[in-house]
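Note sheet for the following structure.
Reminder, nothing fancy here: chain letters follow the sequence lines and each chain counts from 1. As the structure is a computational prediction, the values presented were derived from the model and not from experiment.
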Protein chains: 4
Amino acid sequence: MAARRPARAAAANGEVRTGGSGRSDRRAELLRIAAGLFATRGYKQTTVRDIADEAGILSGSLYHHFSSKEEMLDEILRDFLGRLLERFTAIEEQGRDPKQVLDQLIEHSFATIHETPEAVALYQNESGALSGQPGFAYVDQLGRKIEEIWIRALTAGQKAGVFRDDVDAGMTYRFIRDTVWCAVRWYRPRGRFRHEAVAEQYLRVLYGGLVTE
Amino acid sequence: MAARRPARAAAANGEVRTGGSGRSDRRAELLRIAAGLFATRGYKQTTVRDIADEAGILSGSLYHHFSSKEEMLDEILRDFLGRLLERFTAIEEQGRDPKQVLDQLIEHSFATIHETPEAVALYQNESGALSGQPGFAYVDQLGRKIEEIWIRALTAGQKAGVFRDDVDAGMTYRFIRDTVWCAVRWYRPRGRFRHEAVAEQYLRVLYGGLVTE
Amino acid sequence: MAARRPARAAAANGEVRTGGSGRSDRRAELLRIAAGLFATRGYKQTTVRDIADEAGILSGSLYHHFSSKEEMLDEILRDFLGRLLERFTAIEEQGRDPKQVLDQLIEHSFATIHETPEAVALYQNESGALSGQPGFAYVDQLGRKIEEIWIRALTAGQKAGVFRDDVDAGMTYRFIRDTVWCAVRWYRPRGRFRHEAVAEQYLRVLYGGLVTE
Amino acid sequence: MAARRPARAAAANGEVRTGGSGRSDRRAELLRIAAGLFATRGYKQTTVRDIADEAGILSGSLYHHFSSKEEMLDEILRDFLGRLLERFTAIEEQGRDPKQVLDQLIEHSFATIHETPEAVALYQNESGALSGQPGFAYVDQLGRKIEEIWIRALTAGQKAGVFRDDVDAGMTYRFIRDTVWCAVRWYRPRGRFRHEAVAEQYLRVLYGGLVTE
DNA sequence: AATGAATGAGCCTTCATTCAT
DNA sequence: TATGAATGAAGGCTCATTCAT
C-alpha cells in the first residue's frame, strides 16, 4: 500500500507508464484466456485447470485474481453486454431513418462477431442456462433492452412504410437476430469473407428478398 | 434406431406385446426422458441420476437398458438425423422446381421443430462439441448430406434465374439454416403462432424481402 | 423396491431378523465412526477421507449415504440432543421434590457421558461454532429447553428452602453444567471411577460443601 | 515471550521507544488480533487472511513478523501459561493455610478470565488437540505443574481437616477446574456480575454446599 | 515493512460406471 | 429389471507459505 503510493503519484503526475497498463493486466489476460475456453468448450466443460494451464499457473492461483470461476463468466458477460448495449443505443440515438438504423445494427453485429467472437459465442451458448439465475439477472435485462432497440427500429420502419407490415415485428426481429448471431458458429475472422462482406450479402437478401421478380 | 422402428410399428399395429416389445417400450420411454433433459440442461450438465430420477428408478438401473450415457445421446441423434435426412431426400426427389423444394424444406424444418423440439435443440447445442469425436462421425456426415440437399436446391434456383445469384449460395444456406433451426429456442408448440404460420411468415420475408418496393 | 418388499413383509410377520437390523445399519455404523472422529479431532479437522478410511471405503462413497459432511454432524447432534431432552423431560415430569430431580439430572448426565462420550464431546466442542448457523438453530433451541428444566429445578428448590438462595440460580446452573459436562474431557469409561461413583462424589461436594463443619 | 517482557516493561516505564520497540509493538498488536480470532473461531478455522485483514495488511506480510501461524499460537500460549504458573506459584508460596490458598487460586482464575478471556478460551479449546504435539510439550508440562499446585492445596486442606476427605482430591480438583475455566464461555467482562462476584458466589456454593441444613 | 503473484497440498463434493444380490 | 453399495477420477475451491519487488 504505502509502498505503491509513490508509483501511483507518478502515474497521476502524467509520467510515462512503462510496461503494461498497470495492475489489471494479468486479470485482463486471464479473462481473455477464460473467454476463449468458455466459448470453445462451454462454461461448465471448461475447468479452472484448463484456464490455469493455458495461463501457465496452477489452478489455485486463479483465485488470487477471481473469487470463483463464475466471477470470470460474469465479468466477461457484463463487459460484453454493456459494451453492446452502449453501441446499439448510440446507433439508435444518432440514426435518422429506420432503415439506416437497421443497417447499422446489423453491420455492428457482424463487426462484433469479428472482433470478439468468444464473447458472442459465450453469450449465445450460456445465456439460456443463465436466465433465471439470481446473479445473472442483468443478462436477461440487457438482452431485453437490446431487443427493444431492434424492435423499435422495425416497428418504426413498418409505420413509415419502409418495411413490410404483413409480418409480425417480433418475429422478424427473431429471424434477423438468429441469423446474425448464429453466424458466430461458422464465421472465421480470417476466412474468405470479411465481416463487412457478410453483412452486405445478408442485407441484400434480407432487404431485397431471395426471389427475383 | 432404424432397426427398432419395426418393433414399434408392430406394437402400434396391435400385435401381442411380447417381453421383448415391453423392453423396447421402456427403452423408448427412457430415451424420451433423456432427450428432454439433454435439450433443457445440455448433455454434459444432465446427470444419469437426473434421468433415472425422472424415470423413477436408480441411476445404476439405467445400465440395464443402455451401456452408457453416451449411447443414449447417440441413439437420439442417430434417430433424429436419420429421419430428417430421409424426409429431406424424399422432398428433393419428388420436388420439381427449386422454389417448391425450398418451400418444403423450410416447412418441414419448422414442422420438425414443432414435433420433436428436444431432438432439434439437442442437435443444435451439442453438434459442435461432438464434431470430431470418433464415435460421432455420422453427425458431421449426415449434416453434410443435408447441407448438400439445400445447396443443390439453392444453386438450381440461381441457375434457373428464380433465386438471386449475387449472393453466395453457401452463405445463403447458412443464413436460412440458422434462422430456421435457431427458432427452436423461442418456438412454443402451444404458443401464439403455429409452426405453419411461422414458416409462412418466414418465407414471405425471405422470398419477398423486408423492404417494400 | 419391489425386490425388497418380501423381506419387509417377512419382518412385519414377526420372523427372526437375521444379521443386522436392516437397511440403515451401514448408515448407523458410519455415523458412529464419524462421531468418534469428530469428537477426537474436531468437526472441521476431521476430513471425509478420515471417516471413509476408517470405514474401509472411498471418501466419495460416503455420499451414497449422506448428502454432506454437515449432514452427518446434524444427524448426530439431533439424535443426541433429542434423546437428552426426552430423558430430562421425563425426569422433570416424574420427579417429586426438587432435590430428587437435581439428583437424577446429574446422575443421568454422568451416565450419558459414560454411554455416548463422543456425542457429548462433540456437542461441547462444536455448539459454540454452530450457534447462529441457520441449519443448526435447533442446537440452541434444545439447549435452551434443557437449561430451563435445570433452572426450574433449582428455583423450585430455593423456594422450597432446600437449596441456598443467596446465590443466583442461573449462575448455579452454569456452575453445575460446566463441571458435569466438562467431565467428558477426562472421564474414561473403563477408568478407576465408574460414572455412578463420579456422580455420587460430585453430589457429595455439591450438596454438602467442600468445607467441613 | 518471557524474553520480550523486559522490552514491554521498558516501554511501560516510559523509556524512549526505539525502532526495535516499535517493531515489538506491531508484533504484540498482531498477537492480540490473532488471539481474539483464535478464541472466537478456533485456531484451525482462523486463517492467516482473517488475521491480516483485521490488521489491515495482506496475509503474506504477516510472515515478516512471524515465521508461521503456529508460532503465533505458540507465543500466545507460552505467555499465558507462563504468567499463570508464575502467579499460582506466588500464591502457593506466600499462602499460609490451605483454604486461603484455594480462595486465592480461584479468585485469580476468575480474574484471569476477566482480563485475558481470549487466551483462556484458546487454552481451553486447543490444549486437547495440542497435547502430544512435539512443539507444544510445554503445554502439558505447565498444565501439570499448575495441577500440582491445586492438588497440594486440596490435599493439605484434607490433612488439616478443613476440607472433606471422603472425596478424591484429584476428582475435586477437576470438578473445580472445569467449573472455573469453563466460565470463560459465558462470562462477559461487562456483564451483570463482575468477576469478583462470580468468584464469591462460587466459593459460597463450593465451601458451604448447595443444600441448606 | 508491505505488496502481489504464485505454489502445492489438500479438502468437500460430483458423477459415470460396476456389480453382487 | 431393479437395488444399493461402492469405485475412481475429476472438479471447484481453500489456505499456509514463499518470494521478487
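Put simply, A:His65 has no side-chain N or O that comes within less than 4.0 Å of OP1 or OP2 on E:dG4. In this model, the phosphate group of F:dT17 is approached by a side-chain N or O of D:Tyr63 to a distance below 4.0 Å at OP1 or OP2. The phosphate of F:dT3 (OP1 or OP2) has a side-chain N or O of B:Ser61 nearer than 4.0 angstrom. Distances shown here put every side-chain N or O of A:His64 at or beyond 4.0 Å from the OP1 or OP2 atom of E:dT7. Note on D:Arg26: a side-chain N or O is less than 4.0 Å away from OP1 or OP2 of E:dA2.
Of the candidates F:dT7, E:dA6, F:dC13, the closest approach to any side-chain atom of A:Ser59 belongs to F:dC13. In this structure, of E:dT3, F:dA16, F:dG11, it is F:dG11 that holds the atom nearest to the side chain of A:Thr47.
Nucleotide F:dA2 forms a pair with E:dT21, judged by Watson-Crick or G-U wobble geometry with both contacts under 3.5 Å. If you check F:dC13 for Watson-Crick or wobble pairing at under 3.5 angstrom, you find it paired to E:dG10. The pairing partner recorded for E:dA16 is F:dT7, the criterion being a Watson-Crick or G-U wobble arrangement whose two distances lie under 3.5 angstrom.
Separating the CD1 atom of A:Ile57 from the P atom of F:dC19 is a distance of 19 Å, rounded to the nearest angstrom. Between A:Asp25 atom CG and E:dG4 atom P there is a gap of 14 Å when expressed in whole angstrom units. F:dC15 atom P lies 17 Å from atom CG of A:Leu62, rounded to whole Å. The distance between atom CD of B:Glu71 and atom P of E:dA16, rounded to the nearest whole Å, is 15 Å. The separation between C:Phe66 atom CZ and F:dA6 atom C1' is 15 Å, rounded to whole Å. The NZ atom of A:Lys44 sits 11 Å away from the P atom of E:dA16 (whole-angstrom rounding). Taking atom CD1 of D:Ile51 as the reference point, atom P of F:dC15 lies 12 Å away to the nearest angstrom. Distance, A:Asp74 CG to F:dG12 P: 17 Å, rounded to whole Å.
Under the side chain to side chain donor-acceptor pair (under 3.5 Å) rule, B:Ser67 has a single partner from B:Glu71, B:His65, B:His64, which is B:Glu71.
Geometric assessment of D:Lys69 against the ring of D:Tyr63 yields a negative cation-pi assignment under the 6.0 Å and 45° thresholds.
Where C:Glu70 and B:Ser67 each meet DNA chain E at their nearest nucleotide, the meeting point lying more 5' is that of C:Glu70. Residues A:Arg49 and B:Leu30 both approach DNA chain F. Their nearest nucleotides, taken by heavy-atom distance, put B:Leu30 toward the 5′ side. Comparing B:Leu58 and A:Gln45 against DNA chain F, the residue whose closest nucleotide sits nearer the 5' end is B:Leu58.
To the nearest 0.5 Å, the span separating CD1 on C:Ile51 from OG on C:Ser61 amounts to 13.0 Å.
The residues A:Arg49 and A:Asp53 are annotated as not salt-bridged, no charged nitrogen and carboxylate oxygen being separated by less than 4.0 angstrom.
Using cut-offs of 30° and 60° for the angle between ring planes, the C:Tyr123 and C:Phe80 rings count as tilted.
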Stepwise salt bridge (Lys or Arg N to Asp or Glu O under 4.0 Å) test for C:Glu75 and C:Arg27: CA-CA 11 Å; C:Glu75 202 147 324; C:Arg27 236 183 120 85; 2.6 Å; yes
